[in-house]
Amino acid sequence: MPEGHTIHRLALDLERDLVGHRVEASSPQGRFLEADRLDGQVLRSTEAFGKHLLLHFGAGSVVHVHLGLFGRFRRHRHPAPPPRDTTRLRLVGPERTWDLVGPTACELLTAAGLRGLRARIGVDPIAPRTSREALDRAFDAFSRTRRDVGAVLLDQGVFSGIGNVYRAEILFLLGIDPATPARDLSRRDFDAIWRKARELLRLGVAERRIVTVRDAGRRPPRREALHVYKRETCRACAGPIARTTSANRSLWWCPTCQRPRGESTRS
DNA sequence: AGACGATGCGGAC
DNA sequence: TCCGCCTCGTCTT
C-alpha cells in the first residue's frame, strides 16, 4: 500500500471524515500514550508530503505518522469493531472511526521536529505546486551523486513519495536502464522523470491504487495494471523481465526496452 | 503452528 | 551493505 499516493489519499479521506470535528483519541495498544493529550481536541487539518502524514490538532499538537512497510489505516462505520491489540491509535469522529496499525512512526512533533522533517524531504510529485528552486535543488542532488538512477528515485531527500513499485514503472516507461548513473542523465531526462512521477502518483491518488498501464480497463487485477513490477514477461516486447538489486531493494526491468540512456519512450 | 514476504527506513558497521 | 523493527494475510507443515 504505502507509497506517496496512499498517504495523500489518506490525508484526503481523514480530512473528509474528521476535520472540523472534536475527535476521541486513544492508543489501545498503549504505544502512543500522547493520544490522551489529543482526546477531545478538534482536528483542524491533515497534510501529506512524500510518505509522511501530519494531523494538525486544535491546541497546536501535530501528530506525525509514517506507515513504513506495514502500517495501515482502517476505516470503520459505526459501530466500529473493538480495536485490535496492535491498534496504535484510534480516532473516533462523528460517523467514522479510523484505526492505525503497525506504523513506523506515530508521534507528536515539536515545531523544531516539524521543521527538521520538512527540511529533509525532497520534492513531492503530488504536491500541487513545486518551486523552481526546489526542483533545481533536486536536480543538483540528482546530477552530483555517484549512485545509479534506480537508487536515487528511492531517495526521499531528492524525490519524496516514490517507492519500489513506482520507481520500476517510471524507469520502464521512460526506457531508462536502472543501472545508469544518475549523473549521466540530462536535465531533460530528469524533467521527464519528474513529469512521469507527477502523472503516475497523481493518478494513484485518484484511483486509490497504483496504475501505470493505459487502457488497462476499469479495476484491472494488479498485474494488468503494471508494466514490469514483479512481472515475468515484458508487456511491450514479450521478452523476459530481469530482476536486479538497487538500493537494497528488488528492481524489475526489461533489458530490451530499457537502455543506459532513455532514448526510447513509451506510454 | 510456523514460515514467509511486503509498496520503508534508520542506524550500525 | 546489512540488520532490525513494525504487522498480518497467505501459504505450508
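As the structure is a prediction and not an experimental result, all values here were calculated from the model. Labels below follow one simple rule: chain letters A, B, ... track the order of the sequence lines, proteins then strands, and each chain is numbered from 1.
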- Message: Below 30° counts as parallel, above 60° as perpendicular, anything between as tilted: where do the rings of A/H227 and A/F172 land?
- Response: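 Aromatic pair A/H227/A/F172 classed parallel.
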- chain A footprint on DNA chain C, 5' to 3' - any atom under 4.0 Å from a heavy atom: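 Contact boundaries, 5' end first: C/dC2 to C/dG9.
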[X] [atom1] - [N] [atom2] separation (whole Å):
X      : N     : atom1 : atom2 : answer
A/L117 : B/dC9 : CG    : P     : 11 Å
A/L226 : B/dT7 : CG    : P     : 12 Å
A/F159 : B/dG8 : CZ    : C1'   : 18 Å
A/L67  : B/dC9 : CG    : P     : 10 Å
A/H64  : B/dG8 : NE2   : P     : 15 Å

For residues 17-26 of chain A, dump all side-chain donor-acceptor pairs below 3.5 Å to protein atoms at least two apart in sequence or in another chain.
unit_1, atom_1, unit_2, atom_2, d
A/D17, OD1, A/R75, NH2, 3.2
A/D17, OD2, A/R75, NE, 2.6
A/D17, OD2, A/R75, NH2, 3.3
A/D17, OD2, A/W98, NE1, 2.9
A/R22, NH1, A/G40, O, 2.8

Touch class at under 4.0 angstrom, heavy-atom based, for [X] against every strand present:
X      : answer
A/R167 : nothing
A/R31  : sugar-phosphate
A/E169 : nothing

Which value, in whole Å, describes the distance between the [atom1] atoms of nucleotides [N] and [M]?
N     : M      : atom1 : answer
C/dC5 : B/dC13 : P     : 14 Å
C/dT1 : B/dT7  : C1'   : 22 Å
C/dC3 : B/dG5  : P     : 15 Å

Answer yes or no: is there an ion pair linking [X] with [Y], defined by an N-O contact shorter than 4.0 Å?
X      : Y      : result
A/R96  : A/D13  : no
A/R235 : A/E224 : yes
A/D191 : A/R187 : yes

- Message: Please check: side-chain N/O of A/E169 versus main-chain N/O of A/V228, any donor-acceptor pairing under 3.5 Å?
- Response: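 Yes: the side chain of A/E169 pairs with the backbone of A/V228.
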- Reading nucleotides 1-6 of chain B 5' to 3', which nucleotides get B (base under 4.0 Å from a protein heavy atom), which S (sugar-phosphate only), which -? -----B
Using OP1 and OP2 only, check whether a side-chain N or O of [X] sits under 4.0 Å from [N].
X      : N     : answer
A/Q156 : B/dG8 : no
A/K51  : B/dC9 : yes
A/H66  : B/dG8 : no

- Under 3.5 Å, is there a donor-acceptor pair linking the side chains of A/H64 and A/E107? yes
- Task: Could you tell me whether the side chains of A/S246 and A/R167 share a donor-acceptor contact shorter than 3.5 Å?
- Result: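 Yes.
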- Between the CG atom in A/L201 and the CD1 atom in A/I7, the distance rounded to the nearest 0.5 Å is 11.0 Å
- Message: Please enumerate all residues that pass ring-ring contact (aromatic ring centres under 6.0 Å, His included) together with A/F57, with sequence neighbours excluded.
- Response: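 By the ring-ring contact (aromatic ring centres under 6.0 Å, His included) rule, A/F57 matches no residue at all.
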- Which residues pass the ring-ring contact (aromatic ring centres under 6.0 Å, His included) test with A/W252, sequence neighbours left out?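 Counting only residues at least two positions away or on another chain, A/W252 forms a ring-ring contact (aromatic ring centres under 6.0 Å, His included) with A/Y229.
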- Query: Got A/V92 and A/H78 here, is their nearest side-chain heavy-atom distance under 4.5 Å?
  - Reply: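 Side-chain contact under 4.5 Å: yes.
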Report each atom pair, protein N/O against N/O of nucleotides 10-13 of chain B, whose distance is under 3.5 angstrom.
unit_1, atom_1, unit_2, atom_2, d
B/dG10, OP1, A/R120, NH1, 3.0

